[in-house]
Q: 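Have a look at the structure that comes next, please.
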Amino acid sequence: MRLAYDPVAFDVVDNIAWVRFNRPEKRNCMNPSLNRRMMEVLEELEYRDDVGVLVLSGEGTAWSAGMDLKEYFRESEEKGLGAVRKSQQEAYGWWRRLRWYQKPTIAMVNGWCFGGGYGPLFSCDLAFAADEAQFALSEINWGILPGGGATKVVADLLSMRDAMYHALTGELIDGKKAAEWKLVNESVPLAELRTRVKQVADVLLSKNPVALKATKDALRRVAEMTYDSAEDYLVRAQEAANYFDNEGRKEGIHQFIDEKTYKPGLGAYDK
Ligand code: ACO
């Protein structure tokens, strides 16, 4: 599907896919067209050999102003429960796809980030915000609970007190506070955001891609497990990763033990 106006923009430069919410005049709020298009773009990029890292940001002043109150909520509801469920699945579907994406992902939060935006924010493995970015669970301001995963996101990432305050007051926090609360990894001035994200993406690009995928999945999986279950899962995940990447791993050992050309404690082997 190609829309005359594409609600998702992207380009691939030096193995980084820069994907952008592209409804700046609507502050990148997520309507059904954007959600459907985002799934297509993610599919297109996921297994491309020239993509090693995906960065998700927004055009204009917003990262994403959450769900589109008119098109996602009101118009879907007017069509009935089936349309509501369809709209939900379209949104949740690409967030889930992103959560388990083949490549490491980075949210580059350049501006407004509200409510439903916390879904894709959490889906990205890492998140960097502009100091100037503004975050809120604004659901309370218009009379709903933070659904679509947003409550789960703050319950998982924030302390109970911060999560409760954030959800009950709907107050804005800036990028610095978001970093302090661990909603994002770090915040930097907007003018430096892209440079910082590129720096992190380049670090990821230097690592073994099989190990990256295994590691990011393992971190999300073990968070829900007991210690013993995690230990068991990790043995199997390790063996599965070894099966798919015998050569890379052997090369990593070879360069350290035999060639002595690098130290795994200090950096990655030469791919
Ligand atoms: N849903 C529908 N339309 C939206 C949304 C949204 N979430 N956010 C912005 N828009 C539209 C505005 O209605 C406006 O449309 P118009 O040009 O046709 O009038 C346009 O985008 C620009 O928005 P402004 O409000 O004029 O932009 P401004 O920069 O002054 O303010 C802000 C930005 C603070 C983000 C404001 O638009 C806003 O409060 N948006 C809603 C944020 C929100 O609470 N989102 C829902 C979270 S809850 C959830 O996602 C489940």
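Read the numbers this way: they start at 1 and go in the same order the structure lists the ligands and their atoms. Quick note: numbers below take in every heavy atom, side chains included, and nothing from hydrogens, waters or symmetry partners.
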Q: Specify the protein heavy atom at minimum distance from atom 5 (C) of ligand 1: its residue, its atom name, and the distance to 0.1 Å.
A: C29 SG, 3.7 Å
Q: Give the residue and atom name of whichever protein heavy atom lies nearest to atom 35 (C) of ligand 1, and the separation in Å to one decimal.
A: F114 CE1, 3.5 Å
Q: May I ask you to check if R221 and W100 form a cation-pi contact, with NZ or CZ under 6.0 angstrom from the six-membered ring centre and within 45° of the axis?
A: yes
Q: May I ask you to decide if W95's main-chain N or O and S123's side chain share a donor-acceptor pair within less than 3.5 Å?
A: yes
Q: Would R194 count as a cation-pi partner of W18, with NZ or CZ less than 6.0 Å from the six-membered ring centre and within 45° of the ring normal?
A: yes
Q: Give the numbers and elements of all ligand 1 atoms closer than 4.0 Å to a heavy atom of G66.
A: 50 (O)
Q: Nearest protein heavy atom to atom 1 (N) of ligand 1: under 4.0 Å?
A: yes
Q: If I compare all heavy atoms of P104 with all of G52, which pair ends up nearest, and what's the gap?
A: CD-O, 3.3 Å
Q: Suppose I only count heavy atoms of W142 and a 4.0 Å limit; which atoms of ligand 1 are within that range?
A: 48 (S)
Q: Is E59 paired with R23 through a side-chain N to carboxylate O contact shorter than 4.0 Å?
A: no
Q: So that I know where these two stand, are F21 and W112 an aromatic pair - ring centroids less than 6.0 Å apart?
A: no
Q: Do any nitrogen or oxygen atoms of A65 come within less than 3.5 Å of a nitrogen or oxygen of ligand 1?
A: yes
Q: Does the side chain of E171 come under 3.5 Å of the side chain of H166 through a donor N or O and an acceptor N or O?
A: no
Q: Report yes if some N/O of M67 lies less than 3.5 Å from some N/O of ligand 1; otherwise report no.
A: yes
Q: Starting from atom 26 (O) of ligand 1, locate the nearest protein heavy atom and write down its residue, its atom name and how far away it is, to 0.1 Å.
A: R27 NH2, 4.3 Å
Q: Is G117 close to ligand 1, meaning an N/O of one under 3.5 Å from an N/O of the other?
A: no
Q: Ignoring hydrogens, tell whether any protein atom lies closer than 4.0 Å to atom 38 (C) of ligand 1; use the non-hydrogen atoms only.
A: no
Q: Between K103 and E46, is there a salt bridge with N-O shorter than 4.0 Å?
A: no
Q: I'd like to know if E77 pairs up with R74 as an ion pair, taking the criterion as any Lys NZ or Arg NE/NH1/NH2 lying under 4.0 Å from an Asp or Glu carboxylate oxygen.
A: no
Q: Would N208 and Y269 count as having a side-chain donor-acceptor pair, cut-off 3.5 Å?
A: yes
Q: Kindly confirm or rule out an N or O of L69 lying under 3.5 angstrom from an N or O of ligand 1.
A: yes
Q: For atom 9 (C) of ligand 1, what's the nearest protein heavy atom and its distance?
A: K26 O, 3.7 Å
Q: Start with the C-alpha gap between F135 and W181, add the side-chain angles, then the distance that decides, and say whether ring pair (Phe, Tyr, Trp, His ring centres under 6.0 Å) holds.
A: CA-CA 12 Å; F135 299 76; W181 280 4; 9.8 Å; no
Q: Measure the distance from atom 32 (C) of ligand 1 to every protein heavy atom, then report the residue, atom name and distance (to 0.1 Å) of the closest one.
A: W112 CE2, 4.2 Å
Q: Among all protein heavy atoms in this structure, tell me which lies nearest to atom 49 (C) of ligand 1, with the distance rounded to 0.1 Å.
A: G116 N, 3.4 Å
Q: Is it true that N141 and S138 share a donor-acceptor pair across their side chains at a distance under 3.5 Å?
A: no
Q: Name the closest protein heavy atom to atom 47 (C) of ligand 1, giving the residue it belongs to and the distance to 0.1 Å.
A: S138 OG, 3.2 Å
Q: What is the closest protein heavy atom to atom 20 (C) of ligand 1, and at what distance does it sit?
A: E25 O, 3.1 Å
Q: Only heavy atoms of F73, strictly under 4.0 Å: list the atoms of ligand 1 that pass.
A: 51 (C)
Q: Quick check on D68 - does any of its heavy atoms sit under 4.0 Å from an atom of ligand 1?
A: yes
Q: Considering only protein heavy atoms, determine whether one is less than 4.0 Å from atom 16 (P) of ligand 1.
A: yes
